[in-house]
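Take a look at the structure below.
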Amino acid sequence: MSSNKKYQSSGAYQNLYEESIRNPKGFWARQAELIDWHKPFDKVLDDSRPPFAAWYVGGETNLCYNAVDRHLAERADQAALIYVSTEVDQERTYTFRELHREVQIAAAMLQKLGVKKGDRVLIYMPMIPQAAFAMLACARIGAIHSVVFGGFASHSLASRIDDAKPTVIVSADAGSRAGKVVAYKPLLDEAIERASHKPAKVLMVNRGLSAFQSVAGRDEDYASLHVQLKDAQVPVTWLKSTDISYILYTSGTTGKPKGVQRDVGGYAVALAASMKHVFLGEAGKNFFATSDIGWVVGHSYIVYGPLMAGMGTVFYEGVPIRPDAGIWWKIVQDHQVSVMFSAPTAVRVLKKQDQSLLRKYNLSSLKALFLAGEPLDETTAQWISDALQKPIIDNYWQTETGWPILCVQRGIEDMDPKFGSPGVPVFGFNVNVLDETTAQPCKVNEKGVVAIEGPLPPGCMQTVWGDDERFVKTYWSSFKPRQVYSTFDWGIRDEDGYFFILGRTDDVINVAGHRLGTREIEESISSHPAVAEVAVVGVADQLKGQVAMAFAILKTSDVMESPEKAKALEADIMKVVDSQLGAVARPARVHFVNVLPKTRSGKLLRRSIQAICEGRDPGDMTTIEDPAALEQIKSAVVH
Ligand code: AMP
């Protein structure tokens, strides 16, 4: 495969794509045949109340049924969930039959603890099989799961508990990262303490990694209930296609995370279609996505997508370089993985390791490596392509869409990727680059905002959980009077129709593929008693793509006069961020300044701060209130 090769189309992609835009109802009615329906739908799409779109109205189905039960006839003894942990040195494969059993037991546990259809279940867990059982169990009985990434700490968790109002929380004593035990239970207890909403029950998986105190009457033990309910039969609850399957929180421009809400039927069809046309899914083979169930990739392409496609899914607890940087390739070899999905950051980490480890294993089963979540720079793409000698396929999407917006779709046509570009629009997504002010389509190679014409295809968010107004205001109001979905990413489209993503238009940053709102980090830093004001920006980083950089004004200036005191305070502030949001949100540095660059109307000039940090020109400074502020940022960054 060569990069930047002029692509000659056979027309198959273009035909399918155009049909999906011209005749979405016909196109999506056909894709709906990829899943099993309990009751057929009456109407493919109801878009009578834009920008809301209801897919497969009148139809009844179930995500768990499609992921597990329907494979029992043909592939009961095939690997379904392949748990590999380099953290606790364990491997265990569950066949579809075993997965079916475990999911029924987990569903019976939830029912015993009072969970009913429509209730929320918050899942705060490491990458252990019980996490997947809990998700599938919720889907089975029509409970709405809300998985919170295990790297988030008590403040983030508490705000999600208050928003989702779960009946039950499923958790574990601890996770483990790079061999270090991370206790979850104290963070969970603190979060419940902080939250106004109290869950009735907490279901605890005790891995024996970190001793914890049980709260009498509230905490239940997974293993004990498992023994009691080992033969439980829990039939599938048939759900309306438009019922809610899950909520997944994602960062935005305010401090309050948004609950991305998804349906049942549309999501199932979108995943099935993407497994076939985008991700080269093949029943009977194994899929390995290196993400975490706390992120959207974990929902779509660790749990639901591969299982729905009849594939085994590798459920990996560990980092890419432990015990050594060959671990992923060893997993590919040992489990005959056919498709892999990861993030550019992880590849950049591998790039710094012993290269011979890439050649040590037999990778003949691997068809392609998909990468997503952040920009994939050309150098990294070329490096991994040369090293693996396999197609490297970038794909661009968001928590909100649930599946790719841009990608070369090799399940349809053998298109060549262009390194640096995540490809062309995926079927169903009417993607455009629009001028920020006129809302008119930009010319070829002209920079604008990547936007999607409604209705969004199946699988995308239905709304913001509990807040329809926020959904419309946040996503559909950038190009008024037209109602178009904004991705909040800058982009261009080249003469061959390939898109290039040029960064966010808002205050969201992307650290090692993790999406964070700078406002959330600012709020956390501001809660430190010594801090008067703070600005956080995302700064380009070779390894992580971006890192958060903080500039704080202190309430008293004495700390700034002593480098030792300043260092100690910086560490103390980082601890606050760690304990409230989690280490993922910790800024690379907290610099102390006397003044922050603002406009005369008091707006923080974040872009200018960012430009200085990246060694660029800060731009037009005629509106700045105090030019000395920029000098302070400059000297803080240099020192
Ligand atoms: P998340 O919702 O966490 O998946 O973050 C979505 C954001 O990550 C997008 O809006 C982009 O800013 C960025 N992103 C995701 N995939 C890509 C990609 N392949 N290339 C460039 N940016 C990406």
Side-chain angles (χ1 to χ4, degrees), residues 147-149 151-152 156 246-253 257-262 274 278-279 289-302 341-348 369-378 380-381 384 392-409 417-426 429 431 433 447 449-452 456 459-461 464 474-475 478 485-493 498-518 520 538 540 544-546 584-585:
V147 183
V148 176
F149 176 56
F152 283 133
S156 308
Y246 70 75
I247 311 165
L248 177 58
Y249 288 90
T250 190
S251 300
T253 48
K258 292 182 285 262
V260 167
Q261 175 187 313
R262 239 184 275 295
S274 65
V278 180
F279 291 110
T290 67
S291 185
D292 184 287
I293 46 148
W295 308 114
V296 68
V297 177
H299 286 63
S300 296
Y301 299 109
I302 294 180
F341 187 150
S342 191
T345 298
V347 175
R348 288 194 290 264
L369 170 65
F370 288 85
L371 295 169
E374 57 183 310
L376 172 63
D377 54 285
E378 255 186 272
T380 303
I384 190 71
I392 305 303
I393 306 178
D394 188 358
N395 57 114
Y396 160 87
W397 45 298
Q398 309 181 302
T399 306
E400 287 83 348
T401 62
W403 62 291
I405 303 168
L406 300 171
C407 188
V408 292
Q409 296 136 70
K418 284 191 191 192
F419 288 166
S421 160
V424 296
V426 172
F429 287 97
V431 198
V433 177
K447 180 176 165 182
V449 179
V450 178
I452 308 169
L456 294 178
C460 295
M461 73 190 293
V464 172
T474 306
Y475 296 104
S478 298
Y485 174 90
S486 176
T487 62
F488 297 100
D489 281 305
W490 296 113
I492 56 168
R493 183 184 350 217
Y498 281 65
F499 282 66
F500 291 79
I501 302 296
L502 307 172
R504 296 282 301 192
T505 66
D506 59 9
D507 296 327
V508 166
I509 61 171
N510 197 317
V511 180
H514 300 331
R515 172 165 158 185
L516 300 166
T518 49
E520 278 174 88
K544 298 180 172 178
Q546 273 187 313
V584 276

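Numbering of residues begins at 1 and proceeds along the displayed sequence. For ligands, and for the atoms within them, numbers begin at 1 and follow the listed sequence.
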### Contact summary for F500 and F419, nearest pair of heavy atoms
CE2-O, 4.4 Å
What short N/O contacts, under 3.5 Å, does ligand 1 make with the protein, listed by atom pair and distance?
from     : atom 1 : to   : atom 2 : distance (Å)
ligand 1 : 2 (O)  : T399 : N      : 2.8
ligand 1 : 2 (O)  : T399 : OG1    : 2.5
ligand 1 : 2 (O)  : R515 : NH1    : 2.6
ligand 1 : 8 (O)  : G373 : O      : 3.4
ligand 1 : 8 (O)  : N510 : ND2    : 3.3
ligand 1 : 10 (O) : Q398 : NE2    : 3.0
ligand 1 : 10 (O) : D489 : OD2    : 2.5
ligand 1 : 10 (O) : R504 : NH1    : 2.8
ligand 1 : 12 (O) : D489 : OD1    : 2.6
ligand 1 : 12 (O) : D489 : OD2    : 3.3
ligand 1 : 16 (N) : G373 : N      : 3.1
ligand 1 : 19 (N) : D394 : OD1    : 2.8
ligand 1 : 19 (N) : N395 : O      : 2.8
ligand 1 : 20 (N) : E374 : O      : 3.4

### Task
Using side chain to side chain contact (heavy atoms under 4.5 Å, CB included) as the criterion, point out the one residue from V431, V424, I405 that pairs with F499.
V431
### Query
What orientation do H299 and Y246 show, parallel under 30°, tilted 30 to 60°, or perpendicular over 60°?
tilted
### Task
Please work out whether the ring planes of W403 and F429 are parallel, tilted or perpendicular, with thresholds of 30° and 60°.
tilted
### Task
Taking E374 for its side chain and A343 for its backbone only, find out whether a donor-acceptor pair lies under 3.5 Å.
no
### Message
Aromatic contact between Y301 and W397, with the criterion being ring centroids under 6.0 Å apart: yes or no?
### Response
yes
